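What follows is a structure written as structure tokens; I'll ask about it next.
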Amino acid sequence: MTTNFRLPGPTPLPPQVLAAMQREMIPHRGPAFQALYRDTLAMARDAHRTTSDVFIWPASGSAGWEAAIVNLLSPGEPVLAATCGDFGDRFARVGERFGLDVRRVEAPWGTAIEPAALREALARNPDVTAVFLTHNETSTAVTNPLPELAAEVRRHGALTIVDAVSSVGALPLEMDAWELDFVFSGSQKAWMCPPGLMIAAVGPRAWEAYERSRFPRFFWDLGDAKTAADRGMTVTTPPLTMLYAFHAALELLLDEGLERVWERHRRLGAIARDGVRSAGLQLFADPAHASDTVTAFVPPAGFSARDVLAALRERGVEAQGGQGAMTDSLVRIGHMGWAHEPEIRDAVAAVRGVAAAMMKETASTAR
Ligand SMILES: Cc1ncc(COP(=O)(O)O)c(C=O)c1O
């Protein structure tokens with residue numbers, strides 16, 4: 001039985017990406033690399049809908065939090081972290097580790113940050129110079145209303161720093177039109193690549209902030225990355241195999257067309273949520289802000305996420321539990337990146353089968 005790999009990251013790899021990774025090494029300071037890197041960055045700019053800079057590092061998505069902080073801010077600087085789940089919390093905690101003055105605006109897990117709540121928090125904290133937003137809160141399967149939130153931040157005059165780890169490349173994201181200042185992601189989500197790259201897009205206001213920032217930095221230094229990228233280079237030895245993969249994935253994405261990709265994810269999200277509901281299970285996310293890249297549901301009464309995951313595995317579906325305090329009380333099904341209707345319908349059928357069996361067991365023991 002082939003596994004229906006439905007984690008919300010890492011995600012399945014398209015055959016074109018797997019094939020690209022078979023390529024031999026090339027001189028990383030030669031013209032073939034320069035062509036590859038320039039082409040990759042140009043496609044990555046298109047995928048972010050920006051004409052600003054995009055850079056790539058060998059790292060996982062979490063590095064984006066640190067790269068944003070050490071390049072754009074200074075010790076003690078007041079920032080507002082908008083949190084509605086585990087990843088938003090982590091972003092805030094990274095800020096605290098670096099000695100930022102982190103204020104929070106929080107929404108209960110399963111709900112989104114509402115623009116009015118952000119506006120009020122900004123009014124209460126007029127001195128904040130940056131706002132940390134999580135576009136898609138993977139831990140709760142909630143998509144925050146990013147364009148509206150970014151508009152509030154712009155009105156305030158602060159920087160909009162966006163964790164787009166489980167959104168960009170799958171959900172609509174318009175870096176320039178929405179005036180986002182710094183957007184970062186990891187290769188293993190919607191980008192259809194293995195884990196291993198952190199991708200960051202840097203807008204003009206972020207560059208101004210970079211000039212003011214007083215954190216020491218080396219590996220994440222945006223200025224050094226730009227000097228190198230202008231020559232088609234990276235500062236340190238580039239992760240060649242990962243760049244072959246990302247190049248192939250971006251070609252696939254742009255060939256399909258971003259709008260079509262976004263539409264495909266809208267369809268997949270709807271199929272996943274309809275399937276979970278029709279299985280008699282409770283969706284976790286507020287339906288008004290349910291994510292189209294990941295779906296979270298509550299296990300049937302009397303069962304844990306671990307039970308559901310084990311039962312799904314027996315039916316050939318690999319899903320994931322919750323995070324933090326919800327580790328064993330939520331099940332998450334990923335549908336981002338290289339995901340299409342047949343696999344999602346298959347996963348949904350497995351969820352239905354598992355739920356029916358568990359509910360039957362509960363009914364028979366109650367008798
Ligand atoms: C929204 C979000 N932010 C940050 C991360 C951290 O990324 P990584 O695990 O690649 O470091 C993840 C990973 O799932 C995520 O979903």
Side-chain angles (χ1 to χ4, degrees), residues 5-13 48 55-70 81-98 106-107 109-113 131-146 149 160-173 180 182-201 219-220 239 242 245-246 249 265 269 284-285 289-296 318-324 326-327 330-337 339:
F5 193 68
R6 298 268 59 89
L7 268 56
T11 60
L13 302 179
H48 285 80
F55 306 112
I56 301 169
W57 288 263
S60 82
S62 303
W65 296 319
E66 183 159 340
I69 291 165
V70 300
T83 75
C84 61
D86 194 40
F87 288 111
D89 281 349
R90 288 193 207 183
F91 199 170
R93 288 204 302 273
V94 177
E96 285 164 351
R97 279 208 192 182
F98 278 90
E106 293 176 306
W109 286 30
T111 69
I113 303 288
V131 176
F132 296 172
L133 299 174
T134 307
H135 186 190
N136 188 75
E137 181 46 82
T138 326
S139 67
T140 59
V142 163
T143 302
N144 282 302
L146 184 57
L149 296 176
T160 307
I161 302 178
V162 183
D163 173 343
V165 169
S166 58
S167 64
V168 62
L171 306 182
L173 183 144
L180 312 177
F182 190 92
V183 176
F184 64 89
S185 57
S187 50
Q188 78 276 21
K189 306 275 187 186
W191 295 125
M192 308 182 283
C193 285
L197 297 180
M198 190 274 279
I199 302 106
F219 196 72
W220 309 119
M242 286 301 302
F246 192 36
H265 284 86
F284 184 64
H289 298 288
S291 167
D292 287 329
T293 56
V294 53
T295 293
E318 278 295 342
Q320 198 158 39
Q323 286 183 211
M326 303 215 70
T327 300
L330 271 192
V331 178
R332 291 177 301 152
I333 304 267
H335 32 85
M336 73 185 103

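Whatever order the structure lists ligands and atoms in, that order sets their numbers, starting from 1. Values in this document were obtained by computation on a predicted structure and should not be read as measured data.
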Tabulating one pair per line, provide the atom names and distances (0.1 Å) for every N/O atom of ligand 1 that is less than 3.5 Å from a protein N/O atom.
unit_1   : atom_1 : unit_2 : atom_2 : d
ligand 1 : 3 (N)  : Asp163 : OD1    : 3.3
ligand 1 : 3 (N)  : Asp163 : OD2    : 2.6
ligand 1 : 10 (O) : Gly61  : N      : 2.8
ligand 1 : 10 (O) : Gln188 : NE2    : 2.7
ligand 1 : 11 (O) : Ser60  : OG     : 2.5
ligand 1 : 11 (O) : Gly61  : N      : 3.3
ligand 1 : 11 (O) : Ser62  : N      : 2.8
ligand 1 : 11 (O) : Ser62  : OG     : 2.5
ligand 1 : 14 (O) : Lys189 : NZ     : 2.5
ligand 1 : 16 (O) : Thr138 : OG1    : 2.4

Quick check: Trp109 with His289 (ring centres under 6.0 Å apart)? no

Chi angles and distances behind the side chain to side chain donor-acceptor pair (under 3.5 Å) call for Gln320, Arg6: CA-CA 8 Å; Gln320 198 158 39; Arg6 298 268 59 89; over 6 Å; no

Go through the structure and list residues passing side-chain hydrogen bond (donor to acceptor under 3.5 Å, both in side chains) with Asn144, not counting sequence neighbours.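 Expected list: none.
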
Under the rule for salt bridge (Lys or Arg N to Asp or Glu O under 4.0 Å), what residues qualify as partners of Asp89, not counting sequence neighbours?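 With sequence neighbours excluded, Asp89 shows a salt bridge (Lys or Arg N to Asp or Glu O under 4.0 Å) to no residue whatsoever.
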
Listed partners of Asn136 passing side-chain hydrogen bond (donor to acceptor under 3.5 Å, both in side chains), at least two apart: Thr143, Ser166, Ser291, Thr293

Applying side chain to side chain contact (heavy atoms under 4.5 Å, CB included) between Phe132 and each of Thr83, Asp163, Val162, Ile69, report the one that passes.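 Answer after filtering Thr83, Asp163, Val162, Ile69: Ile69.
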
